[in-house]
Amino acid sequence: MIRLAVFASGNGSNFQALAEAASEGQLQAQIALLFCDQPAAFALQRAEAFKIPTLTLSPKDFATKQLFETQLIKELAAANIDLIILAGYMRIIGPTMLAAYPNKIINIHPALLPAFPGAHGIEDAFAAGVSETGVTIHYVDSGVDTGPIIAQQAVSIAAEDTLETLATKIHQVEHELYPKTVQLLIEKLEKGRR
Ligand code: GRF
């Protein structure tokens, strides 16, 4: 079975959706690790509830990003991780990690890329007054939210929507689209292995 590491920095609701899909069999992979760069992330408590092993490393404990990523790669290799799923991981993946996991790092972004990249995709779309935004799942490259797109789903913004109702709609779509898309990717990876 493909072994996944999920990376999160905060709440971890997407991690939760992936863990639920895995435990219900819709996602046929083992979530072998939750990695957090924030020791206080709520995602860590969610992982405990699923009995999923966790790892926390604080970049500030390392002299350089390269050293931080080198240590992280060692731990991922020890856990035999095949694929890395970013889920609210608020840190740019550096060249060391990208070289170690080429085309094996996936991210979810709460907007229809290339529109509204960056850390505030939902707020930026709402403030722009567009009638449609959405969710994008993409491969991670060296840019910010620029890698090849794997899947997208639109979410309409109604006149009566507030930032809060929009955020709720976006997260609902995320929680369905991410497990589904990761499952499709895994099926492709497994075909390639046979
Ligand atoms: C999600 O909206 C995701 O698209 C973005 O960060 C948010 C993380 O939420 N990258 P959560 O931590 O999964 O609840």
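Every number for a ligand or one of its atoms is a count from 1 in the order of the listing. Not measured: the values here are computed from a predicted model. Counting from 1, the numbers follow the sequence of the chain as shown.
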Would you mind reporting whether Phe62 and Leu57 have side-chain heavy atoms less than 4.5 Å apart? yes

Close side-chain approach of Ile81 to Lys104, heavy-atom, < 4.5 Å: no

Without hydrogens or angle criteria, can the side chains of Gln152 and Thr136 be said to hold a donor-acceptor pair below 3.5 Å?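 Looking only at side-chain atoms, Thr136 and Gln152 do form a donor-acceptor pair, the distance falling under 3.5 Å.
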
Below 4.0 angstrom, N of the basic side chain to O of the carboxylate: do Asp37 and Lys60 qualify?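 No, Asp37 and Lys60 are not salt-bridged.
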
Are more than 12 heavy atoms from other residues, nucleotides or ligands located less than 6.0 Å from atom CD1 of Ile92?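 Counting other residues, nucleotides and ligands, CD1 of Ile92 stays at 12 neighbours or fewer.
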
May I have a table of the N/O to N/O pairs between ligand 1 and the protein that fall below 3.5 Å, each row giving the two atom names and the distance to 0.1 Å?
{"residue": "ligand 1", "atom": "2 (O)", "partner": "Glu174", "partner atom": "OE1", "Å": "3.1"}
{"residue": "ligand 1", "atom": "2 (O)", "partner": "Glu174", "partner atom": "OE2", "Å": "3.1"}
{"residue": "ligand 1", "atom": "4 (O)", "partner": "Ile108", "partner atom": "O", "Å": "3.4"}
{"residue": "ligand 1", "atom": "4 (O)", "partner": "Glu174", "partner atom": "OE2", "Å": "2.3"}
{"residue": "ligand 1", "atom": "10 (N)", "partner": "Ile108", "partner atom": "O", "Å": "3.1"}
{"residue": "ligand 1", "atom": "12 (O)", "partner": "Gly12", "partner atom": "N", "Å": "2.8"}
{"residue": "ligand 1", "atom": "13 (O)", "partner": "Ser13", "partner atom": "N", "Å": "3.3"}
{"residue": "ligand 1", "atom": "13 (O)", "partner": "Asn14", "partner atom": "N", "Å": "2.8"}
{"residue": "ligand 1", "atom": "13 (O)", "partner": "Asn14", "partner atom": "ND2", "Å": "2.9"}
{"residue": "ligand 1", "atom": "14 (O)", "partner": "Asn11", "partner atom": "ND2", "Å": "3.3"}
{"residue": "ligand 1", "atom": "14 (O)", "partner": "Ser13", "partner atom": "N", "Å": "2.8"}
{"residue": "ligand 1", "atom": "14 (O)", "partner": "Ser13", "partner atom": "OG", "Å": "2.5"}

Tell me, please, which residues at least two apart from Arg3 pass side chain to side chain donor-acceptor pair (under 3.5 Å).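 Testing Arg3 for side chain to side chain donor-acceptor pair (under 3.5 Å), a comparison that skips the adjacent residues, returns none.
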
